[in-house]
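Residue numbers run from 1 in the order of the sequence given.
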Amino acid sequence: MNYFSSNFKLGILGGGQLGKMLLYNTRKFDIHTSVLEPSADAPCKIACNEFHIGDLMDYETVVNFGKDVDVLTFEIENVNVDALETLEKRGIKVFPSSRNLRVIQNKATQKLFYRDHEIPTSAFSRFAYLSEIEDAIENGGLEFPFVWKAAQFGYDGNGVKVVKHLSDLEGLPNGECIAEELVNFKNELAVIVARNEVGEVKTYPVVEMEFHAEANQVEYVICPARIDDEIAEKAQNVALKVSKAFNHVGLLAVEMFQTHDGDVLVNEVAPRPHNSGHQTIEASYTSQFEQHLRAILNLPLGRTDSKVGGIMVNLVGAEGHHGNVVYQNIETIMNMDGVTPHIYGKKDTRPFRKMGHVTIVNEDLNKARRIAAEVKKAIKVISE
């Protein structure tokens, strides 16, 4: 099929920053794009050929949008899976598949999937209601501390909480959830795996993620991860095993814990471009966004190795600030070597909202990390 400068139409569910960065590449290749997004001022609006406003969780809306495209993909997991399944039955190519998204959307079924496929992951219990956790604690079936996760609709640190006391459960939603063993980990790692329809598979180098303790969001992504070769190989192999089990098409970001004993445990996955791959735009031969396009269009996959060491710093809204966004001291960071800011196009800031990211590239990864700390200290995402 001719994808470039043709009548081919790529549909994207979700119009956020991941979609916007995907559109950098559709414009490079002159691929016609159509986006469905609930917000009228979403980042994707400026870069796609067609922009449609609609509810991604509404069955009819998604079916009516998808029937007019040739290939459908998504930049967010919270979409109507029944609609995707219907579109697949009508002959529309949906990547990643509705079958995989159905498993991944629910953290309980995702964890069961790992258990069924003998993929290493932390111990967990599944609960239909939050009140069942309290019962399990009372009868000795569950011990503190553990990690509570909402089964569905968690994002960017929302829907996750470390529970050390019974009082920590107060105010949490009462729906389906899981309680995971709190892993005493040494590092949080991630590997992005790309796979196309004919089964060509490539992995990106292992990255290390440093999290903001309060927001439970990724603060820094460091590539390559500062780990032993043996651990890196183990992480790559675990990611490939997960990819093979899902038999996905597109990108699969596999988040993992490295334990102090040298084990690698899968935390969770995302079937799309991911925060742990943003540095690939500047640091890799093929960015994760171009690679996602290559994979879902069944084109040859690009090189995944890095040209240079890369670190990504998330730009999130400062605490105490709501309203029209101002990027304070952005000129300061742009005066630093190897620093590239990416501004997502969200006009309103709020505490911990992802507003952009900054990539730092340097042949010396330790120097890049020092510059990243200077970037983090200098730039502030505030309101007018």
Side-chain angles (χ1 to χ4, degrees), residues 17-18 21-22 24-25 28 186-194 201-212 217-237 239-240 251 253-256 258 264 273-294 300-316 327 329-344 354 356-380:
Q17 64 265 17
L18 297 175
M21 288 182 274
L22 189 64
Y24 295 172
N25 292 279
K28 179 170 72 177
K186 184 177 180 180
N187 280 317
E188 294 203 43
L189 309 173
V191 174
I192 292 175
V193 187
V201 177
K202 290 194 177 181
T203 61
Y204 281 87
V206 185
V207 302
E208 177 185 347
M209 298 183 291
E210 293 184 12
F211 278 73
H212 186 288
Q217 286 179 332
V218 175
E219 199 164 23
Y220 299 100
V221 172
I222 301 165
C223 181
R226 298 165 298 184
I227 54 177
D228 294 338
D229 290 345
E230 182 184 347
I231 297 296
E233 185 178 356
K234 189 178 287 189
Q236 292 271 4
N237 288 336
L240 285 167
L251 295 189
V254 184
E255 296 182 42
M256 294 168 275
Q258 176 197 350
V264 172
H274 190 255
N275 202 228
S276 65
H278 288 347
Q279 77 290 338
T280 62
I281 298 173
E282 279 79 28
S284 301
Y285 284 96
T286 310
S287 79
Q288 64 163 339
F289 299 98
E290 179 180 327
Q291 195 78 292
H292 184 68
L293 284 177
R294 286 171 174 253
L301 300 181
R303 279 181 69 173
T304 52
D305 49 324
S306 301
K307 294 182 281 190
V308 66
I311 294 183
M312 188 277 299
V313 179
N314 267 332
L315 296 182
V316 300
Y327 294 90
N329 300 328
I330 196 161
E331 298 90 347
T332 303
I333 69 162
M334 291 179 78
N335 198 37
M336 299 176 186
D337 285 344
V339 171
T340 305
H342 291 256
I343 305 303
Y344 294 159
K354 285 184 183 175
H357 75 263
V358 179
T359 307
I360 300 94
V361 293
N362 199 292
E363 288 80 3
D364 183 340
L365 195 64
N366 291 324
K367 187 173 182 182
R369 181 63 182 81
R370 288 196 295 272
I371 295 170
E374 291 174 27
V375 167
K376 190 75 178 176
K377 188 176 179 181
I379 192 166
K380 299 287 182 260

Going by atom types only, do [X] and [Y] share a side-chain donor-acceptor pair under 3.5 Å?
| X | Y | value |
| --- | --- | --- |
| Lys234 | Asn237 | no |
| His342 | Gln17 | no |
| Thr359 | Gln279 | no |
| Gln288 | Thr280 | no |
| Asp337 | Asn362 | no |

Worksheet item: Which atom names give the shortest non-hydrogen contact between Leu189 and Ala225, and what distance separates them?
Response: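 Scanning both residues completely, I find the closest heavy atoms to be CD2-CB, 4.1 Å.
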
Worksheet entry | Smallest separation among heavy atoms of Ala239 and Met256, with atom names |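 For Ala239 and Met256, the tightest heavy-atom pair comes out as CB-CE, 4.3 Å.
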
Item to complete: Determine, step by step, whether Thr286 and Tyr204 satisfy the side-chain contact (heavy atoms from CB on, under 4.5 Å) criterion, reporting the C-alpha distance in whole Å, the side-chain angles of both residues, the deciding distance to 0.1 Å, and the verdict.
Response: CA-CA 10 Å; Thr286 310; Tyr204 281 87; 4.1 Å; yes

Can you tell me if [X] has over 12 outside heavy atoms packed within less than 6.0 Å of its [atom1]?
| X | atom1 | value |
| --- | --- | --- |
| Met336 | CE | yes |
| Lys380 | NZ | yes |
| Lys307 | NZ | yes |
| Lys376 | NZ | yes |

Side chain to side chain, [X] and [Y], heavy atoms closer than 4.5 Å:
| X | Y | result |
| --- | --- | --- |
| Thr304 | Thr203 | no |
| Ser287 | Asn25 | yes |
| Ile330 | Ile343 | yes |

Short question: side chain of [X], backbone of [Y] - any donor-acceptor pair under 3.5 Å?
| X | Y | answer |
| --- | --- | --- |
| Gln291 | Gly302 | yes |
| Asn314 | Val218 | yes |
| Arg294 | Pro300 | yes |

Worksheet item: Hey, what's the ring geometry for His278 with Tyr344, parallel, tilted or perpendicular (30° and 60° as the breaks)?
Response: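 Plane angle over 60°, so perpendicular.
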
Item to complete: Before giving the answer on side-chain contact (heavy atoms from CB on, under 4.5 Å), spell out for Glu233 and Gln236 the whole-Å C-alpha distance, their side-chain angles and the decisive distance to 0.1 Å.
Response: CA-CA 5 Å; Glu233 185 178 356; Gln236 292 271 4; 5.6 Å; no

Discussion item. Run Ser276 and Ile192 through side-chain contact (heavy atoms from CB on, under 4.5 Å) and show every step you take.
Written reply: CA-CA 8 Å; Ser276 65; Ile192 292 175; 3.9 Å; yes

Fill in: Stepwise salt bridge (charged side-chain N to carboxylate O under 4.0 Å, His left out) test for Arg369 and Glu210
CA-CA 11 Å; Arg369 181 63 182 81; Glu210 293 184 12; 2.9 Å; yes

